[in-house]
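Computed over heavy atoms, backbone and side chain alike; hydrogens, waters and symmetry mates excluded.
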2 protein chains.
Amino acid sequence: MDMKEIAMLLKDHGIKPSHHRMKIYEYLVTHRNHPNVDMVYQELIQEIPTLSKTTLYNTLNLFLNKGLVQLITIAENEMHYDADVSMHGHFMCKECKKIYDIWFEDNDIVLPDLKDFAVDESHIYFRGTCLACLNKQLQD
Amino acid sequence: MDMKEIAMLLKDHGIKPSHHRMKIYEYLVTHRNHPNVDMVYQELIQEIPTLSKTTLYNTLNLFLNKGLVQLITIAENEMHYDADVSMHGHFMCKECKKIYDIWFEDNDIVLPDLKDFAVDESHIYFRGTCLACLNKQLQD
DNA sequence: AACAAATTTGTAATGATTACAATTAATTTA
DNA sequence: TAAATTAATTGTAATCATTACAAATTTGTT
Ligand SMILES: [Mn+2]
Ligand SMILES: [Mn+2]
Ligand SMILES: [Zn+2]
Ligand SMILES: [Zn+2]
């Protein structure tokens, strides 16, 4: 996804595509690693040495409000962000803290439609241990 | 659920049933309101004026480790606790911040079993607006 | 009672996020 | 194009949930 496309996408969501905003979105869409704020910051600060963390927080909240990214609250003390807003689940490994995508077959999961609630977001989270960390544990 | 039963339940989970611990669990099991730490504290401090917030945090973490309660990470800046550890979903209203239980019919939801992951917990979260808040909004 | 172990407390530290005012950049108007 | 206005970005301080840690208290055991 090149800068032209990113600019278009931001505009389509009512976001003026400043340089900072485009770089922040580019990070999310190319890495697809469900980063927390600091992971984005440590990477972008090398390209944009003046980048402020406040700008990062402001921009991510702007993206959230415009529906461009989704918020992942699977971790206990920090937020994670996902540029993929399609319906899929997430697994967080308690050992390595990595967050994996969980994709469902179309009929695998049918969420009930809730009367008495106007639902904006649906999230499916799992926690446990990933295969890499399970194997590491076997070596003890 | 009386104190005798609570003491038994804690013992069954390998937790020595001190007075504080029993009162904390009693709060959770009688209110069933998915409280954050401060909600528990503000209620119990009236009965136990010496109660320390550290004790509360320690006790809740002990309950979590022993599988007596479950952690709900649906909110963005604080944790919520649930004495009901059976499989059910949660809905948080963005307006009033209340957390509702969402119960599924047996076959309503079938979570796929993930190979490559040892799953300890599964959570289903919804966010949106509850009926009470929707009605309030209509009055404008 | 004397000792040891477990529990509870109070205070300070940590760390993610937000508040806010100042600065800089971009856009509009004259 | 220069001045004026608006928007974006920055830096610092504040907020607040949670944890760290050592002291004090309670409980259980010899
Ligand atoms: Mn994802
Ligand atoms: Mn519940
Ligand atoms: Zn892992
Ligand atoms: Zn509500």
Side-chain angles (χ1 to χ4, degrees), chain A residues 6-7 10-11 13-27 34-66 68-81 92 94 97 99, chain B residues 6-7 10-11 13-27 34-66 68-81 92 94 97 99:
Chain A
I6 291 175
L10 298 207
K11 270 185 225 161
H13 285 78
I15 300 167
K16 199 182 294 183
S18 72
H19 181 242
H20 285 177
R21 289 169 177 173
M22 292 203 291
K23 296 303 285 184
I24 291 169
Y25 186 78
E26 184 192 35
Y27 176 95
H34 312 101
N36 60 22
V37 168
D38 205 56
M39 292 165 72
V40 185
Y41 182 76
Q42 294 306 332
E43 175 90 9
L44 290 187
I45 192 68
Q46 302 183 42
E47 280 186 83
I48 313 170
T50 65
L51 179 66
S52 158
K53 252 188 186 173
T54 299
T55 299
L56 198 40
Y57 277 104
N58 288 343
T59 302
L60 290 169
N61 281 333
L62 178 65
F63 288 176
L64 287 176
N65 290 332
K66 299 296 190 180
L68 187 61
V69 306
Q70 68 169 314
L71 184 65
I72 299 178
T73 62
I74 199 173
E76 300 184 6
N77 62 331
E78 63 189 4
M79 303 200 239
H80 292 254
Y81 299 87
M92 170 172 256
K94 291 174 181 175
K97 311 298 181 192
I99 297 176
Chain B
I6 290 175
L10 297 208
K11 269 185 227 162
H13 285 79
I15 301 167
K16 197 181 294 181
S18 73
H19 180 243
H20 284 177
R21 288 170 178 173
M22 292 203 291
K23 297 302 286 185
I24 292 168
Y25 186 77
E26 184 192 35
Y27 177 95
H34 312 102
N36 60 23
V37 169
D38 204 57
M39 292 165 72
V40 184
Y41 183 76
Q42 294 305 333
E43 176 91 8
L44 290 186
I45 192 67
Q46 303 182 41
E47 281 187 79
I48 313 170
T50 65
L51 179 67
S52 159
K53 253 188 185 172
T54 299
T55 299
L56 199 39
Y57 277 105
N58 288 343
T59 302
L60 289 169
N61 282 332
L62 178 66
F63 288 175
L64 286 176
N65 290 333
K66 299 298 189 179
L68 187 61
V69 306
Q70 68 169 314
L71 184 66
I72 299 179
T73 62
I74 199 173
E76 301 184 6
N77 61 331
E78 63 189 4
M79 302 202 240
H80 292 254
Y81 299 87
M92 169 172 256
K94 292 174 180 174
K97 311 300 181 190
I99 298 175

Can you measure [X] atom [atom1] to [N] atom [atom2] for me and round it to whole angstrom units?
X     : N      : atom1 : atom2 : value
B/I24 : C/dT9  : CD1   : P     : 9 Å
A/R21 : D/dA8  : CZ    : C1'   : 6 Å
A/N77 : D/dT19 : CG    : P     : 8 Å
A/L51 : C/dT24 : CG    : P     : 17 Å
A/I48 : D/dG11 : CD1   : C1'   : 17 Å
A/L62 : C/dT18 : CG    : P     : 13 Å
B/L56 : D/dT18 : CG    : P     : 10 Å
A/Q42 : C/dA16 : CD    : P     : 11 Å

I need the A/M79 CE to A/I72 CD1 distance, nearest 0.5 Å.
12.5 Å
Distance test, side-chain N/O of [X] to OP1/OP2 of [N], below 4.0 Å:
X     : N      : answer
A/H20 : D/dT10 : yes
B/T50 : C/dT9  : yes
A/S18 : D/dA7  : no

Closest non-hydrogen contact found for B/V69 with B/L60 is CG2-O, 4.4 Å
Look only at the side chain of B/T59 and the backbone of B/T55, and say whether a donor-acceptor pair between them is shorter than 3.5 Å.
yes
Taking the side chain of [X] as heavy atoms from C-beta outward, which of [options] is closest to it?
X     : options               : answer
A/T55 : C/dA16, D/dT10, C/dT8 : D/dT10
A/Y57 : C/dT17, D/dA17, D/dT9 : C/dT17
B/K16 : D/dT9, C/dA6, C/dT8   : C/dA6
A/S52 : D/dT10, C/dA6, C/dT9  : D/dT10
A/N58 : C/dT7, D/dT9, C/dT9   : D/dT9

Just do the side chain to side chain contact (heavy atoms under 4.5 Å, CB included) check on A/I6 and A/R21 with the steps written out, would you?
CA-CA 10 Å; A/I6 291 175; A/R21 289 169 177 173; over 6 Å; no
So what does B/N61 touch, heavy atoms closer than 4.0 Å: a base, only the sugar-phosphate, or nothing?
sugar-phosphate
Yes or no on side chain to side chain contact (heavy atoms under 4.5 Å, CB included) for A/H20 and A/K23, after CA distance, side-chain angles and deciding distance?
CA-CA 5 Å; A/H20 285 177; A/K23 296 303 285 184; 5.9 Å; no
By nearest nucleotide on DNA chain C, pick out whichever of B/T54 and A/K53 is the more 5' one.
B/T54
